[in-house]
Amino acid sequence: VAGDTLASLLRALGFVPTEEQVTAMQEEAGESVDFAQFMQIVTKYGFDSMNEDDIMSAFKVFDKNGTGYVSAEELRSVMTTMGEKLSEEDMDAFLAESDVNADGMINYRLLSKKLAL
């Protein structure tokens, strides 16, 4: 993820960072940040109130059949066109960490565990 898009990613996840926090995070992140670094930054700056159930609830909106899977393409469409939009590059990085299966689906239960802080 590009360092200058951390604020957008946090907002897409439901957090509201201050401008001061955004500046500090961007300085710490530099040009880019991988998933592990992102998680460290999120925890360091106090954005650690998101739990597994909260994350799963957000994904369930897209799981119309109750299978425990969401479409990577549908998720991409929503996260790059609505609300705090992620760039295609940031979405690619997010999906790379999301274990998309051969059918283009993401097991959001596993992803929720991974994202829970």
Side-chain angles (χ1 to χ4, degrees):
V1 177
D4 62 353
T5 60
L6 284 174
S8 294
L9 184 55
L10 285 168
R11 289 182 185 112
L13 291 170
F15 297 113
V16 185
T18 66
E19 287 302 315
E20 187 176 275
Q21 288 171 320
V22 169
T23 300
M25 286 185 290
Q26 288 174 337
E27 287 174 4
E28 187 173 330
E31 292 289 317
S32 67
V33 62
D34 65 20
F35 185 75
Q37 292 167 317
F38 173 74
M39 296 305 284
Q40 289 173 347
I41 289 170
V42 166
T43 301
K44 178 179 178 179
Y45 288 91
F47 299 107
D48 55 0
S49 63
M50 201 161 60
N51 65 45
E52 188 176 334
D53 290 336
D54 294 337
I55 298 166
M56 281 189 28
S57 293
F59 284 123
K60 281 181 183 179
V61 171
F62 303 102
D63 183 14
K64 293 170 183 52
N65 298 323
T67 62
Y69 289 84
V70 293
S71 162
E73 283 308 309
E74 182 178 6
L75 196 58
R76 174 187 294 279
S77 175
V78 170
M79 292 183 74
T80 58
T81 62
M82 300 174 79
E84 282 288 333
K85 300 170 185 78
L86 292 182
S87 69
E88 290 294 330
E89 295 80 22
D90 289 339
M91 193 64 214
D92 288 341
F94 178 80
L95 290 175
E97 294 288 338
S98 300
D99 301 321
V100 179
N101 71 19
D103 294 327
M105 303 297 284
I106 299 168
N107 180 327
Y108 67 82
R109 291 178 183 127
L110 295 177
L111 180 58
S112 296
K113 287 179 194 261
K114 191 174 192 179
L115 292 174
L117 303 174

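If you're wondering where the values come from, they're calculated on a predicted model, not measured in any experiment.
- Ser77 places no side-chain N or O within 3.5 Å of a backbone atom of Glu73 that could act as its donor or acceptor partner.
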(request) Given side chain to side chain contact (heavy atoms under 4.5 Å, CB included), test Leu75 with Tyr108 step by step and report yes or no. (result) CA-CA 11 Å; Leu75 196 58; Tyr108 67 82; over 6 Å; no
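- Counting Ile, Leu, Val, Met, Phe, Trp and Tyr side chains that sit under 4.5 Å apart, directly or through other members, Met105 shares a hydrophobic cluster with Tyr69.
- Under the 4.5 Å side-chain criterion, counting only non-hydrogen atoms from C-beta, Asp92 is in contact with Arg76.
- With sequence neighbours excluded, the residues that form a side-chain contact (heavy atoms from CB on, under 4.5 Å) with Ser87 are Glu89, Asp90.
- The minimum heavy-atom distance linking Arg109 with Thr67 is given by the pair NH1-O, 3.9 Å.
- Within the 3.5 Å criterion, the main-chain N or O of Asp103 finds a donor-acceptor partner in the side chain of Asn101.
- With values rounded to the nearest 0.5 angstrom, Lys114 atom NZ is found 13.5 Å from Glu52 atom CD.
- More than 12 heavy-atom neighbours from other residues, nucleotides or ligands sit within 6.0 angstrom of CD on Glu88.
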(request) Could you please spell out the steps behind the side chain to side chain contact (heavy atoms under 4.5 Å, CB included) verdict for Leu111 and Glu97? (result) CA-CA 9 Å; Leu111 180 58; Glu97 294 288 338; 6.0 Å; no
(message) Applying side chain to side chain contact (heavy atoms under 4.5 Å, CB included) to Leu110 and Asp99, what does each step give before you reach the verdict?
(response) CA-CA 9 Å; Leu110 295 177; Asp99 301 321; 5.8 Å; no
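- Take Asp63 and apply the salt bridge (Lys or Arg N to Asp or Glu O under 4.0 Å) test, not counting sequence neighbours, and it matches no residue.
- Minimum heavy-atom separation, Met25 to Pro17: CE-CB, 4.0 Å.
- Residues Ser98 and Ile106 come closest through the heavy atom pair O-CG2, 3.5 Å.
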